[in-house]
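Residue numbers start at 1 and run along the sequence shown. None of the values given here were measured: they were computed from a predicted structure.
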Amino acid sequence: WCHGNEQNSASRCPQASGLESLAPLVRSVDETPDPIPTTIRGTIPTWINGSFLRNGPGKFEFGKDRYTHWFDGMAMMHRFHICEGSVTYSSRFLRSDSYVRNSEKNRIVVSEFGTLAMPDPCKNIFARFFSRFQIPKATDNASVNFVKYKGDYYVSTETNYMRRIDPQSLETKEKVDWSQYIAVNSATAHPHYDREGATYNMGNSYGKHGFFYNIIRVPPPGDKAAAKDSADLTGAKVLCSIRAAEPRKPSYYHSFVMSENYIVFIEQPIKLDLLKFMLYRIQGKSFHKVMTWEPQYETIFHLVNRHTGKESEVKYCAAPMFTLHQINAYEDNGFLVMDMCCGDDGEVIGDFTLENIRRESGEEMDKFYNTLCRNLPRRYVLPLTVDKQTPLDQNLVTLHGCKATAKKTKPNEVHMTHEELHDNELLQYGGLEFPQINYDKYNGRPYRYFYSCGFGHVFSDSLLKMDVHTKELKVWRYPGLYPSEPVFVASPGATDEDDGVVLSVIITPKEEKSTFLLVLDAKTFTELGRAEVPVNIPYGTHGVFNEMG
């Protein structure tokens, strides 16, 4: 870490004490396939018309076999259907091959990220990097997000398999293999969408010429799209292939950055050790330890023109950091401004074992939480007009009031430092993650607000609204209540960026069956109403609002 005097994000946040156990939030639950009514307290605005869809792990054992890592749990889809001020709830397990085969045998027969199925030690999430070695298939347990391609909904994880979904009934449709359409063997669960309805994503490929990160574009739905009920990724193409800086140690990435004219891929020092992978496979060890944090490597920002697919010859780099989710990015007077949630220590991914999450209240739980990295919002600024004439070693960032810097250190190389996109108040909420914006109107454009979860516990225990102009926070936080990623829905005919509501599912370990859908006024961040659901819901990952209902 290059600035010896700067504390890392975790040490700046207060140490927790007396944290409660989260074990009830990672228990297996039953599905609720037929919609059930909820009890409304307060008011749900009658203009909200559609479904809030959520995804996440919902089953953690088969028979006597138990999963070891939280990511391994079987995907469960949740639907809150909102209409005329009333709300119904339904949920279904994704009928993935993993789920079906495990259910038939009543034991774990398909390996996941952190759990090995004993008879076939090599089927696991990282198998995708080695499709050319004919390793048995990666998992299709798509528990991370709902995504859209050509107007259809899919659930996705980070392997080459997605599943098409009926967003009304949550019925599982066909399995889709990216590599059948395009020369990649994975795709992230965080695509971006442009205003024409095209979808952009990133996936890896690996062959005798090396390891590549590929930017993919799937065209908007055509006129014939509505006619046939089947998965359609035709017309998908690779816009740009970016060669890995270290062919044997490619970087892990969870998402990428998109502005109106550019895509930025962030090659971060969380590395996948390919040799270790082969070794683990032979030794029959689980795979979540294949990822290592290697801060001797810089963070590299690869800038690609979204329209031409051309990669910039300028190498933009910064001190080692890791990021899972970006907030937004936009162009301003010859600069690309990128806001994202970052940490200084990427050791964290393997730590979310169920054993850790289920620790006892008090000392045991505090000890685990206090070792975790806190993610904080940062702004990086890339100067877009760097050329031979650009002077060396002076700050190129001239945006008014911006504290981020960028210096040309040698020909075609620019070194950046970030601006903290928060003040000290945020530290008492434990940093933030799961950022969301008014995506439809402001993605890729100058914006002012984002919504996120505060992490005063291993799972989020507050909802935050951040004003990026003033760095001021608005907060919703009640002890013992754990919110999900906040999703913004604009009011009809809204002109203000924050005119609308924020939806989040609130769960608690304290009482049985006391889950509720929370509706906040996005402007004031005060509660409008809640829809109480008489079933338990486990802690989940990401969600979307589907206006079609």
Side-chain angles (χ1 to χ4, degrees), residues 45 47-48 50 52 145-148 190-201 220 255-264 266 303 306-307 323-342 377-382 384 399-402 404 418-419 421-422 426 432-453 463-474 485-504 519-525 542-547:
W47 57 261
I48 307 175
F52 184 31
N145 205 356
F146 279 87
V147 297
K148 259 178 122 166
H190 289 289
H192 272 293
Y193 309 98
D194 68 17
R195 288 178 172 77
E196 289 66 59
T199 308
Y200 297 78
N201 208 335
S255 64
F256 61 99
V257 176
M258 188 168 100
S259 68
E260 298 249 40
N261 297 297
Y262 296 95
I263 284 173
V264 183
I266 298 164
L303 177 71
R306 178 161 84 79
H307 311 293
T323 180
L324 291 172
H325 301 113
Q326 81 293 327
I327 303 165
N328 198 9
Y330 60 89
E331 294 146 48
D332 184 359
N333 282 315
F335 296 95
L336 177 57
V337 177
M338 296 186 305
D339 297 345
M340 57 191 89
C341 297
C342 303
R378 284 179 184 175
R379 171 165 288 180
Y380 288 90
V381 177
L382 277 67
L384 295 169
L399 292 175
H400 177 69
C402 181
H418 62 270
E419 170 177 349
L421 208 54
H422 63 90
L426 176 62
L432 56 80
E433 256 298 341
F434 293 146
Q436 286 281 345
I437 59 168
N438 177 345
Y439 190 94
D440 294 345
K441 289 268 193 330
Y442 289 86
N443 183 53
R445 295 179 172 170
Y447 76 114
R448 182 161 183 179
Y449 303 107
F450 73 88
Y451 312 93
S452 63
C453 287
L463 291 169
L464 307 172
K465 176 188 182 181
M466 170 74 81
D467 178 333
V468 299
H469 292 184
T470 65
K471 301 185 183 177
E472 284 173 287
L473 282 180
K474 286 187 163 68
E485 171 184 69
V487 170
F488 176 84
V489 183
S491 308
T495 50
D496 290 350
E497 180 183 341
D498 59 350
D499 181 356
V501 295
V502 166
L503 306 177
S504 176
V519 182
L520 295 177
D521 178 309
K523 250 193 203 326
T524 61
F525 225 52
H542 297 286
V544 296
F545 184 74
N546 173 25
E547 279 180 22

| query | Taking the side chain as C-beta and beyond, is there a heavy-atom pair between Pro45 and Val519 under 4.5 Å? | reply | yes

| said: Restricting to ring pair (Phe, Tyr, Trp, His ring centres under 6.0 Å), what partner residues turn up for Phe52, sequence neighbours left out? | reply: none

| Roughly how far apart are Leu384 CG and Leu303 CG, rounded to 0.5 Å? | 6.0 Å

| query | Is a side-chain donor-acceptor pair under 3.5 Å present for Tyr200 with Asp194? | reply | yes

| said: Using the side-chain contact (heavy atoms from CB on, under 4.5 Å) definition, which of the options Val264, Asn328, Ile266 pairs with Met340? | reply: Ile266

| query | When rounded to the nearest 0.5 angstrom, what is the spacing between NZ in Lys465 and CG in Leu432? | reply | 15.0 Å

| Spacing of Ile437 atom CD1 and Asn443 atom CG [to the nearest 0.5 Å] | 5.0 Å

| query | Pro435 and Cys341: which non-hydrogen atoms are nearest, and at how many Å? | reply | CG-SG, 3.7 Å

| query | Does Asp467 use its side chain to pair, donor to acceptor, with the backbone of His469 at less than 3.5 Å? | reply | yes

| request: State, to 0.1 Å, how close Val487 and Gly543 come at their nearest heavy-atom pair, and which atoms those are. | output: CG2-O, 3.7 Å

| request: Without swapping roles, check the side chain of Thr199 against the backbone of Tyr193 for a donor-acceptor pair under 3.5 Å. | output: no

| N/O donor-acceptor pair under 3.5 Å between Ser259 side chain and Tyr262 backbone | yes

| Who passes ring pair (Phe, Tyr, Trp, His ring centres under 6.0 Å) against His325, sequence neighbours left out? | His190, His254, Phe434, His542

| field | Sidechain-backbone polar pair: Thr323 side chain, Cys342 backbone, donor-acceptor under 3.5 Å | value | no

| request: Classify the ring geometry between Tyr439 and His192 as parallel (under 30°), tilted (30 to 60°) or perpendicular (over 60°). | output: parallel

| message | Looking at Glu497 and Arg445, is there a salt bridge between them, counting it only when a charged N and a carboxylate O are closer than 4.0 Å? | response | no

| query | Does the Arg195 side chain pair with the main chain of Lys441, one donor and one acceptor, at a distance under 3.5 Å? | reply | yes

| message | Can you give me the closest heavy-atom contact between Pro377 and Ile327, atom names plus distance? | response | CB-CD1, 4.0 Å

| said: If the test is ring-ring contact (aromatic ring centres under 6.0 Å, His included), which one of Phe525, Tyr449, Tyr451, Phe545 qualifies with Phe488? | reply: Tyr451

| field | Check against side chain to side chain contact (heavy atoms under 4.5 Å, CB included), Met338 and Gln326 | value | CA-CA 8 Å; Met338 296 186 305; Gln326 81 293 327; over 6 Å; no

| Per the salt bridge (charged side-chain N to carboxylate O under 4.0 Å, His left out) rule, which among Arg379, Arg378, Lys471 passes with Glu419? | Lys471

| note | Distance col, row Leu336:CG vs Ile263:CD1, nearest 0.5 angstrom, shows 11.5 Å

| query | At what distance, to the nearest 0.5 angstrom, does CG of Leu463 lie from CD of Glu485? | reply | 10.5 Å

| said: So which atom in Leu473 and which in Leu426 form the shortest heavy-atom distance, rounded to 0.1 Å? | reply: CD1-CA, 3.8 Å

